[in-house]
Amino acid sequence: MSLAYHQRSHTCGELRAAHVGQTVVLAGWVAVRRDLGGMVFIDLRDRYGVTQLKFNPETDPKAHAAARDLRSEDCICIRGNVVARGAAQINPKLPTGEIEIEVHEIDVLSRAETPPFEIVDDLTTNEDLRLKHRMLDLRRSTNQRRIIARHRITKVIRDYFDRHGFLDIETPILTKSTPEGARDYLVPSRLHHGTFYALPQSPQLFKQLLMMAGFDKYMQIARCFRDEDTRGDRQPEFTQVDIEMAFAQPETVMTHVEAAMAEVWKRMLGVDTPLPIPRMRYDDAMRDYGCDKPDLRFDMKIRDVSALAGRLDFNVFREPLSRGGCVRCIVVPGGGDMTDSQLKALTEEVKGIGAGGMPLAKVTHEGGKLGLNKGVAKFFNTDALVGELCEAAGAKPGDLILFAAGSEANVCKWLSWLRIELAHRRGLVPENEWRFCWIVDFPAFGWDEEARAIFPMHHPFTSPRDEDLHLMRLDQDEPPGRDDLLNIRAKAYDLVLNGYELGGGSIRIHRGDVQARVFQILGISEAEAKLKFEFLMEALKYAPPPHGGIALGLDRIVMLITGTDNIRDVIAFPKNAKAFCPLTNAPSEVSPEQLRELAIQIRE
RNA sequence: GGGGCCGUAGCUCAAUUGGUCCAGAGCGCCGCCCUGUCACGGCGGAGGUUGCGGGUUCGAGCCCCGUCGGCCUCGCCA
């Protein structure tokens, strides 16, 4: 009876000195073969670890002969004895390094062709090749660790919510196209020619319906689909930890989510997260960091110097101010040592995201007083102005001040980008620090300058804060003007960690009149709303409970825990940056028959 | 849709300003030798239409145009 039909007795990661003397059966892949002419050593690998096998030509000539023929990545099963290594032979780099297996019997289960790349941890092969041979790429222990971490994180989260009475309920994958938000992935219907299902961008509406059904605590690890351009941290299909609760206020949801996250960080990394996680108002985040997902591991806050800048004879500052813009700056601690060529290169990069340039000044200290040089220094032409600037910016001698002038939105974008970029380049970001925060009090609506239209900051089902409800003028037929609308804040909240948005949620509208007014504000006609959200509008008629929830990006959580900035690293079978799968060659053409059944014709 | 970077053996990368480099190295691969290796070692060998198509030039891996592909980024992602 060949070895292949025996159960393996141990994994390649578990044998220790205590097992010496035992006969074991191991199975795995040949990681490395070291043929010394007589003795042959094999590192046998499975997902649990690596164990050294020893083949002795004198005691086991048959097994030894077979071992000489082995090649990288062959799959084998062996039987042998666990023996202690001599003191000089102990390998401290391996958990199993105190022992090795004297192999008596070997069964080659299958042979491997020479792999297109080596199965080693510190691999730098181009990603497309790795994705094409993903099953080989996933044999690497770094990748295995990430996939295993993903499993464990998911498990911790499920367990937390299960323990607190949440129900895991599945929602449809074939569903209805929604007009708002991202582009839908469409699935043609065979039984109803000319109509399409859409893959869900999120289970948003369904989880609300579940609240109306009375399943007051819901959670699902839900796959979501959005047909938009990808990014380093975005895939066309991704996974959300989707949560919804009835009779909930923002705090109800946030308290559960932060407790669950603290548990994940504790169990995965042994990190304690002080609770509650600090709350930061949206306006404050935008003012201090220029974005709604601040990285709080370093300071470098944005400072407003509009008043001061307006007094300078400098058109680059004056002109934007005259058009209602602002001038703000950040201070790069010790940035005075940056060379002209570095600064020039940085300027080019800022231009790349739309800035006209990068006004700057270096803070000096000469003859016992503060001074400026380089860049816009000459416009601060009195000691008083220099002092005022350094005071306003919080700059010290040796620092670099970077300015941005323009519309508030642009200034925030440029300075926020510079803040993050420089902190990273100059090593100002502490390692192993986890700075969670909640961003709260989001505006309910934003103004799209290009489309000249009001849009929902979160989504059209987000409830305004009770204090701001009056601004919606529910007692009148017409909604209020733009300025009032933009002052309405929402019961919305985002969880942010180290500059990543982990997720966002809100308390939903549960009143039909409020929902109708929101649609009216957004320019969604009654007929349109009925067509697109009829089932939701219908449900609102039957006494929905106040409810709300959140969706967390599972992929990003796993990225942060496993220390990668590439979302493809934490997905077993990801697509590339063009949403193509090099492994399966999806998407692909389909047969004319398939198209005919669907009544679909391809246009050139 | 915009911007940037990249494409040379199976893999990672070299190759002065375009000029004996009829494209090199390391790893991997193949063969031989080697009984304590663990990045084993030694000797030898195979392997390339420089992504593809044009152009400039006496001469192109290098310059120009186009095209295909990859990665990043802005827009976009309620």
Side-chain angles (χ1 to χ4, degrees), chain A residues 31-44 50-59 64 68 71-73 83 85-94 96-97 100 102 113-133 136 178-184 201-202 204-205 224-236 238 345 348-355 410 413-414 417 421 442 444-446 448 450 454-462 490 492 501 504-506 518 522 524 551 553 565-566 568 576-580 582:
Chain A
V32 187
R33 180 182 56 122
R34 290 180 293 276
D35 185 345
L36 274 60
M39 204 85 83
V40 172
F41 295 96
I42 300 279
D43 286 346
L44 189 66
V50 170
T51 299
Q52 175 165 282
L53 311 179
K54 180 176 69 171
F55 296 81
N56 188 325
E58 285 162 11
T59 58
H64 175 264
R68 296 201 82 164
R71 293 294 180 267
S72 288
E73 299 308 316
V83 298
R85 299 199 196 186
Q89 274 90 49
I90 287 175
N91 184 347
K93 285 183 281 186
L94 285 182
T96 59
E100 61 194 353
E102 258 175 10
E113 283 186 18
T114 302
F117 48 82
E118 294 166 65
I119 314 300
V120 293
D121 280 349
D122 53 348
L123 187 80
T124 49
T125 303
N126 99 59
E127 205 180 357
D128 228 43
L129 188 76
R130 286 168 39 206
L131 292 184
K132 185 176 168 67
H133 304 276
L136 293 177
T178 49
E180 306 289 315
R183 219 171 276 118
D184 285 317
Q201 295 179 26
S202 80
Q204 179 62 38
L205 295 172
C224 305
F225 307 86
R226 293 177 191 177
D227 187 6
E228 295 292 342
D229 288 358
T230 66
R231 278 296 170 76
D233 61 352
R234 294 200 315 233
Q235 281 270 296
F238 59 99
E348 288 309 309
E349 290 183 70
V350 187
K351 283 182 179 173
I353 60 170
N410 277 336
K413 178 178 158 190
W414 302 330
W417 183 87
E421 205 54 36
F442 278 84
F445 304 105
D448 184 338
E450 212 169 303
I454 291 280
F455 67 94
M457 287 287 276
H458 188 51
H459 57 53
F461 320 113
T462 305
E501 179 194 325
S506 64
V518 169
L522 297 174
I524 299 173
D565 54 9
N566 182 346
R568 295 178 293 274
N576 71 12
K578 287 274 164 60
F580 177 78

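When reading the values below, keep in mind they use all heavy atoms of this one structure, side chains included, and skip hydrogens, waters and symmetry mates. Order of the sequence lines fixes the chain letters, A, B, ..., with proteins taken first and strands second; residue numbering starts at 1 for each chain. Because the structure is a prediction, the values reported are computed rather than measured.
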Round to a whole Å and report the spacing from CD of A:E102 to C1' of B:U37. 15 Å
To the side chain of A:S72, which of B:C74, B:C29, B:U12 is closest? B:C29
Heavy-atom pair with the smallest gap, counting every atom of A:F238 and A:Q201: CZ-O, 4.3 Å
Checking only heavy atoms, does the side chain of A:R234 share a donor-acceptor pair with the base of B:C77 at less than 3.5 Å? yes
Candidates B:C38, B:U73, B:C34 - which lies nearest the side chain of A:D43: B:C38
A:E73 CD to B:C11 C1', in whole Å, measures 14 Å
Would you indicate what A:P460 reaches in the nucleic acid, counting non-hydrogen atoms under 4.0 angstrom: base, sugar-phosphate, or nothing? base
Within the 4.0 Å heavy-atom criterion, would you say A:Q235 contacts the bases, only the backbone, or no part of the nucleic acid? nothing
Distance check, C1' atoms only: B:C43 and B:A60, in whole angstrom units. 38 Å
Nearest whole Å is fine: how far is B:C38 P from A:M39 CE? 14 Å
Side-chain N,O (A:K93) to OP1/OP2 (B:A39) below 4.0 Å: yes
Assign A:V120 to base, sugar-phosphate, or nothing according to its heavy-atom contacts below 4.0 angstrom with the strands shown. nothing
Base B:U37 paired with A:Q52 side chain (donor-acceptor, <3.5 Å): yes
Could you tell me whether a side-chain N or O of A:R33 sits under 3.5 Å from a main-chain N or O of A:V40, the two making a donor and an acceptor? no
Quick check, does A:F41 stack with B:U37? I mean ring centres under 5.5 Å and planes off by under 30°. yes
Describe the nucleic acid contact of A:N576 in one word from base, sugar-phosphate, nothing, applying a heavy-atom distance below 4.0 Å. sugar-phosphate
Whether the side chain of A:T230 engages the backbone of A:Q235 through a donor-acceptor N/O pair (distance < 3.5 Å, no angle test) should be reported. no
Taken to the nearest whole Å, CD/A:E349 to C1'/B:C72 is 11 Å
Nearest-Å distance, CZ (A:F117) to P (B:A9)? 17 Å
Measuring from the side chain of A:K413 (C-beta onward, heavy atoms only), which nucleotide among B:U12, B:C34, B:C74 has the closest atom? B:C74
Just name whichever nucleotide pairs with B:U8, Watson-Crick or G-U, keeping both distances under 3.5 Å, else none. none
At under 4.0 Å between heavy atoms, what does A:R71 touch on the DNA or RNA strands: base, sugar-phosphate, or nothing? sugar-phosphate
Categorize A:D229 for me: base, sugar-phosphate, or nothing, with a 4.0 angstrom heavy-atom threshold over every strand shown. base
Would you classify A:S202 as touching base, sugar-phosphate or nothing, given that sugar-phosphate means primed atoms plus P, OP1 and OP2, and contacts are heavy atoms under 4.0 Å? base
Take A:L44 and A:V50, measure what side-chain contact (heavy atoms from CB on, under 4.5 Å) needs, and give me the verdict at the end. CA-CA 5 Å; A:L44 189 66; A:V50 170; over 6 Å; no
Quick one: A:N56 CG to B:G36 P, roughly how many Å, whole number? 11 Å
Could you measure between the two P atoms, the one in B:G53 and the one in B:C40, and give it in whole Å? 40 Å
Of all the nucleotides listed (B:U73, B:U37, B:C77), which has the minimum atom distance to the side chain of A:E100? B:U37
Compare every heavy atom of A:F445 with every heavy atom of A:M457, then report the nearest pair and how far apart it is. CG-C, 3.7 Å
Given that A:F461 and A:L36 both sit by RNA chain B, which one's nearest nucleotide is further toward the 5' end? A:L36
Can any side-chain N or O of A:R234 pair as donor or acceptor with the backbone N or O of A:D229 at less than 3.5 Å? yes
Between B:G61 and B:U67, how far apart are the two P atoms, rounded to whole Å? 23 Å
When all nucleic acid strands are considered with a 4.0 Å heavy-atom cut-off, which category describes A:N126: base, sugar-phosphate, or nothing? sugar-phosphate
Tell me whether the side-chain N or O atoms of A:R85 pair up with the base of B:C38 as donor and acceptor below 3.5 Å, since no angle test is needed here. yes
Shortest side-chain distance from A:R231, nucleotide among B:G75, B:C71, B:C11: B:G75
Rounded to whole angstrom units, what separation is found between the CD atom of A:E113 and the P atom of B:G10? 14 Å
Could you tell me how far B:C27 sits from B:C64 if I compare only their C1' atoms? Round to whole Å. 36 Å
Has the side chain of A:E228 got a donor or acceptor atom sitting under 3.5 Å from an opposite partner on the base of B:G75? no
So A:L94, base contact, sugar-phosphate only, or nothing? Heavy-atom distance under 4.0 Å. nothing
Test your reading of the model: is there a side-chain donor-acceptor pair from A:K132 to the backbone of A:E127, 3.5 Å cut-off? no
Out of B:C72, B:U37, B:C76, whichever nucleotide has its closest atom nearest the side chain of A:A577: B:C72
In whole Å, what separates the P atom of B:G66 from that of B:G24? 33 Å
C1' gap between B:C62 and B:G55, integer Å: 15 Å
Which nucleotide wins on minimum distance to the side chain of A:D128, given the candidates B:G36, B:C71, B:U73? B:C71
Categorize A:Q204 for me: base, sugar-phosphate, or nothing, with a 4.0 angstrom heavy-atom threshold over every strand shown. base
Reckon A:G232 touches a base, only the sugar-phosphate, or nothing at all at heavy-atom distances under 4.0 Å? sugar-phosphate
What's the shortest heavy-atom distance between A:R68 and A:G37, and which atoms? NH1-O, 3.5 Å
Taking only the P atom of each, what is the distance from B:C52 to B:G69 in whole angstrom? 15 Å
It should be established whether A:R34 places a side-chain nitrogen or oxygen under 4.0 Å from OP1 or OP2 of nucleotide B:U37. no
Identify whether any heavy atom of A:R568 sits under 4.0 Å from a base atom; if not, whether one sits that close to sugar-phosphate; answer base, sugar-phosphate or nothing. sugar-phosphate
Begin with the C-alpha distance, continue with both residues' side-chain angles, and end with the deciding distance and a verdict on side-chain contact (heavy atoms from CB on, under 4.5 Å) for A:R85 and A:N91. CA-CA 9 Å; A:R85 299 199 196 186; A:N91 184 347; 3.6 Å; yes
In this structure, how many angstroms lie between the C1' atom of B:C13 and the CD atom of A:E118, rounded? 14 Å
Which is true for A:K54 with a 4.0 Å heavy-atom rule: it touches a base, it touches only sugar-phosphate, or it touches nothing? base
Interatomic distance at C1', B:U56 relative to B:C63, whole Å: 8 Å
B:G28, B:C38, B:C34: which one has an atom nearest the side-chain heavy atoms of A:Q89? B:C38
